[in-house]
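Residue numbers run from 1 in the order of the sequence given. Note: hydrogens, waters and symmetry copies are ignored here, and every other heavy atom, side chains too, is used. Because the structure is predicted, anything quoted here is derived from the model rather than measured.
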Amino acid sequence: MSYLEIILIAVGLSMDAFAVSITLGLSVRKLKIMEMLLPGIYFGLAQALMPFIGYFAGTMFAGKIESWDYWIAFVLLGIIGAKMIKEGVSKDDDKDESRSENKFLFVNMLFLAIATSIDALAVGVTFAFFKVNIFAAIAIIGLTTFCISICGVKIGNIFGARFKSKAEVFGGIVLVALGFKMLIEGLLT
């Protein structure tokens with residue numbers, strides 16, 4: 001798996017965090033620097049930790065299923081991507097809370113970080129099958145998510161919620177396309 005593919009996966013995975021960051025930006029009337037950095041820190045760390053955990057879980061049984069690992073990658077990325085597309089297309093904004101509630105509290109941020117990074121756990125399992133340099137991959141994923149989350153907070157604060165669903169759809173499409181690419185490569189080798 002190339003670094004470009006890892007970057008594309010990082011961008012795809014960070015779209016959930018981006019969408020949530022936009023929502024966090026909406027909840028703030030006057031944005032402070034710490035309110036911009038907190039989502040990036042929480043989401044970036046969680047997005048880096050989950051593939052790391054998934055990678056080592058995947059290495060335990062990768063040798064046993066190596067002959068059909070591309071099918072697993074296809075299914076995992078396809079499911080994750082489809083879920084993101086479905087969430088992006090649906091007009092369910094019940095997740096948005098009032099602007100007056102402080103969403104930057106530790107418990108809220110921890111919950112959001114875990115919720116937006118569960119998909120990265122499955123991607124880490126996929127990385128084990130393809131023998132990806134996990135340390136480079138988690139650095140790319142964590143840094144990408146950190147930067148995209150900071151941008152999301154700022155965009156949410158400036159422009160509003162109109163980008164939220166588009167970000168999730170884009171991220172889902174990227175993950176599904178990468179799943180198809182891996183499947184095709186696996187079938188052709």
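Connection of Leu8 to Ile184 is not established within any shared hydrophobic cluster, with ILVMFWY side chains joined at heavy-atom distances below 4.5 Å, either directly or through further cluster members.
One distance of note links OG1 of Thr145 with CD1 of Ile140; it measures 11.5 Å at 0.5 Å rounding. Atoms CD1 and CG, on Ile114 and Leu121 in that order, are 11.5 Å from each other to the nearest 0.5 Å. Here the CG atom belonging to Leu143 is positioned 10.0 Å from the CD1 atom belonging to Ile7, to the nearest 0.5 angstrom. Here the straight-line distance linking atom NZ of Lys131 with atom OH of Tyr55 works out to 8.5 Å at 0.5 Å rounding. Separating the OG atom in Ser149 from the CE atom in Met15 is a distance of 9.0 Å, to the nearest 0.5 Å. Here Phe135 contributes atom CZ and Phe52 contributes atom CZ; the two are 4.5 Å apart, rounded to the nearest 0.5 Å.
For Leu187, the CG atom is densely surrounded, since the number of other residues' heavy atoms within 6.0 Å is greater than 12. Crowding of Phe180 atom CZ: a count of heavy atoms from other residues, nucleotides or ligands under 6.0 Å not exceeding 12.
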Next item on the list: Carefully, step by step, assess Ile141 and Phe127 under the rule side-chain contact (heavy atoms from CB on, under 4.5 Å).
Entry: CA-CA 12 Å; Ile141 291 169; Phe127 285 164; 3.7 Å; yes
Next item on the list: Go through the steps for Asp16 and Val20 under the test side-chain contact (heavy atoms from CB on, under 4.5 Å), then give the verdict.
Entry: CA-CA 6 Å; Asp16 276 348; Val20 172; 5.7 Å; no
Next item on the list: Run the numbers on Leu24 and Leu112 for side-chain contact (heavy atoms from CB on, under 4.5 Å), then give the verdict.
Entry: CA-CA 10 Å; Leu24 290 169; Leu112 290 171; 4.2 Å; yes
Next item on the list: List the steps and the verdict of side-chain contact (heavy atoms from CB on, under 4.5 Å) for Asn108 and Leu105.
Entry: CA-CA 5 Å; Asn108 292 342; Leu105 297 173; 4.1 Å; yes
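Residue Met50 is tested with Leu45, Ile118, Leu13 for a side chain to side chain contact (heavy atoms under 4.5 Å, CB included); the sole match is Ile118.
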